[in-house]
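Worksheet: the structure to be examined is printed underneath.
None of the values given here were measured: they were computed from a predicted structure. Letters A, B, ... mirror the listed sequences (proteins, then strands); counts begin at 1.
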Amino acid sequence: MKRMDFRQTIAGEIGKVLGDQFGDESLSTSDIAALLEVPPDTAMGDYAFPCFRLAKALRLAPPVISDKLKDALHAPFLARVDSIKGYLNIFIDRATYAREVLSEALSAGDQYGASGEGNGKTILLDYSSINIAKKFHIGHLSTTMLGNALYKMHKFRGYDCVGINHLGDWGTQFGKMICAYKKWGDKGTVEAGGVDEMVKLYVRFDQESEHDEALADEGRAWFKKIEDGDPEALDIFNWFKAVTLKDAERVYDMLGVKFDSYAGEAFYNDKMGRVLDELRAKNLLVESDGAQVVDLEAFSMPPCLIVKKDGATLYATRDLAAALYRMDTYHFTKCLYVVAYQQDLHFRQVFKVLELMGYDWHEDMEHVSYGMVSYEGQALSTRKGHVVYLEDLLNTAIEKARAIIEEKSPDLPDKDAVARQVGVGAVVFFDLYNNRIKDIDFTWDRALNFDGETGPYVQYTHARCCSVIRKSEGEMGKPDFAALADPEAQDVVRLIEQFPGIIKSALERSEPSMVTRFSVDLAQAYNKFYYERRILDEDLAVRAARLLLTEVTRNTVKIALNLIGIDAPERM
RNA sequence: GCACCUGUAGCUCAGCAGGAUAGAGCGUCCGCCUCCUAAGCGGAAGGCCGUGAGUUCGAAUCUCGCCAGGUGCGCCA
């Protein structure tokens, strides 16, 4: 059931009155709809029409216009229209409003807020992009969870999504690692210890090669072997990859994150020639200090390095190759790179080079940048041990959740499962709570906070809704929507109405935090309603209406949490 | 030096395709469980929205300058 679109309908009515009363037809219905505002306070109505802009054209003071509109505006679904200080405040009949919004949301069920706007379109998302033989730490959380959320949100709006973990699996360090492994390593130890063991080998190599030139040369030689496709080198290298991915998979499983492709840096090794050929053919390559670059001075950017003095290709070359390959393979509508803002210049350069190459789809590339993570005020440093590993963080959060459950809900079934959902939810929520551009200074007490605007708070509200519904024992009379006319219920209804628009804006801005924030707003509004109004009322019609509101809130909270990659337990 | 980003309550931040009295959480102080989950709810205190100009009927929001912090700027990725 498609509910009445209040904004459009009201805009149409205002348009009619403007024509009748002032002979003004300069504004179309959609113009007026865009001008309509949602007032800061429910007491000021559901929609407001500011008359200031009309003042000049009509040569009348705004309050005069709003007064006249107030007298002329009538519609059956309008409860009241006020004229205050040049604003036309429009009050929709509260029962009608609640009925329309809730019926729509209820019939949409777990698809409330979904749409088909992305049907037939493909979105590529490049996120997480872990490095081989490195541990997953809190610095990798944002790219992973932002990418995951954007993936789910796009999917919900009908897009086909391709999640790419662009592995950092190329570089001289892997030659060193193989060398170290051959000298001091042991298959069983690495197999059992995973990335930790590989890191140990690498650190030892680094230390010993500092005063051993021969060793450094040996490392370089092993990298050359990888490049040349030497079977032994490749075997070991691919095994390193498998071990790293197995370690990472454990964390990805905890976070509920998946990928459709693991094509990383190494994958593009044999695809660089095309980039060079095209750049040359298009006369974009110039020599500079022995290197080949694309000059971007005209765009006030430093040159984009394509080929080193020694003939080797670079980061930008690889990203160009990847972009061409991805377009050929997936014919994407958009390609999002969820990468920290340090690489802002890099992506601006790469996108500009694509433009200069004549690809109009350069406009469909977007760098979804996010802020840096520091730890208790200092930069993360694996070397200095100033680092928090993701697995440790998640496990600590789960333990804390488990302890709280033991204390507050000792009879809860599936304690472990719920502790996982809540602990992980707290961490993920913390990561997706602020605008992505903000730097995050990680502190344990903030990341593990379960009170206030946190994942557990929103999950708790969801569990509370579930609990009320369970207690109602399915007693659903015919709802009396007039019972939802109180301000607390209306605030909840209004938020629910806004949800589909929130998802849309969040996608337009590639900003999952808008959904996170929404989940808090809705939870707060519902909790207030919960305390002010008795849901399981004796009056069955009132009870049915409040239960319906509870049901729709539960659905909406769950959808919002799921979109940002968080589970919604039914009890906690 | 140049480029990009950020500056809002003690702290962490919403609000920024201009609109009505600038909001929330944390922390502090004070209340609320014989009643649907107190991981909750209510109240108090706390603000020249970095700063100066400009645009506008109207600026936290747009423009320019300045100040402060972060990040990046040729052969790493």
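- The distance from the CG atom of Leu36(A) to the CD1 atom of Ile14(A) is 5.0 Å, given to the nearest 0.5 Å.
- Of the listed nucleotides (C16(B), U37(B), G42(B)), U37(B) has the atom at the smallest distance from the side chain of Ser467(A).
- Across C36(B), A20(B), U12(B), the shortest atom-to-atom separation from the side chain of Arg446(A) is found for U12(B).
- Looking at heavy-atom distances under 4.0 Å, Val520(A) makes no contact with the nucleic acid at all.
- The one candidate from Phe237(A), Tyr202(A), Phe223(A) that meets the ring pair (Phe, Tyr, Trp, His ring centres under 6.0 Å) condition with Phe174(A) is Phe237(A).
- For Lys352(A) and Phe299(A), the positive end sits near the middle of the six-membered ring, less than 6.0 Å away and at most 45° from its axis.
- Using a 4.0 Å heavy-atom criterion, one finds that Gln343(A) contacts the bases of the nucleic acid, with or without backbone contacts as well.
- To the nearest 0.5 Å, atoms CZ (Phe529(A)) and CG (Leu484(A)) are separated by 6.5 Å.
- Residue contacts for Ala48(A): at a heavy-atom cut-off of 4.0 Å it reaches a base atom on one of the strands shown.
- Backbone-only engagement by Gln524(A) is indicated by non-hydrogen atom pairs under 4.0 Å involving sugar-phosphate atoms exclusively.
- The separation of C30(B) from U37(B), taken at their C1' atoms, amounts to 25 Å, rounded to a whole angstrom.
- Distances from the side chain of Tyr457(A) to the nucleotides U6(B), G40(B), C36(B) place G40(B) closest.
- Using Watson-Crick or G-U wobble geometry with both donor-acceptor distances under 3.5 Å, U34(B) finds no partner in any strand shown.
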**Request:** Treat primed atoms plus P, OP1 and OP2 as sugar-phosphate and everything else as base, then score nucleotides 57-65 of chain B 5' to 3': B for base contact with protein heavy atoms under 4.0 Å, S for sugar-phosphate contact only, - for none.
**Result:** B--------
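- Taking the side chain of Lys471(A) as heavy atoms from C-beta on, and the options A14(B), A39(B), U37(B), the nearest nucleotide is U37(B).
- Below the 3.5 angstrom threshold, one finds a donor paired with an acceptor across the side chain of Asn89(A) and the base of A20(B).
- Residue Ala463(A) has its side chain nearest to U37(B) when only C4(B), U37(B), C41(B) are considered.
- Among the protein residues, Gln173(A) comes within range of no part of the nucleic acid, since none of its heavy atoms lies under 4.0 Å from any strand.
- Remark: Phe518(A) CZ to Leu563(A) CG distance equals 10.5 Å, nearest 0.5 Å.
- Here the side chain of Gln342(A) is nearest to one of A39(B), C75(B), G72(B), namely G72(B).
- If you check C36(B), U37(B), A20(B) against the side chain of Arg534(A), the one that comes closest is C36(B).
- Remark: Ser510(A) OG to Glu366(A) CD distance equals 3.5 Å, nearest 0.5 Å.
- Within 4.0 Å (heavy atoms only), Met572(A) reaches at least one base atom of the nucleic acid.
- Remark: Pro303(A), Leu305(A), Lys308(A), Lys309(A) in residues 303-311 of chain A come within less than 4.0 Å of RNA chain B through at least one heavy atom.
- The CG-P distance, from Leu296(A) to G74(B), rounds to 13 Å in whole Å.
- Residue Asp344(A) is in sugar-phosphate contact alone, with no base atom involved, counting any heavy-atom pair closer than 4.0 Å across all strands shown.
- Contacts of Arg571(A) with the nucleic acid, taken as non-hydrogen atoms under 4.0 Å apart, include base atoms.
- Comparing C36(B), G74(B), A39(B) against the side chain of Tyr460(A) picks out A39(B) as the nearest.
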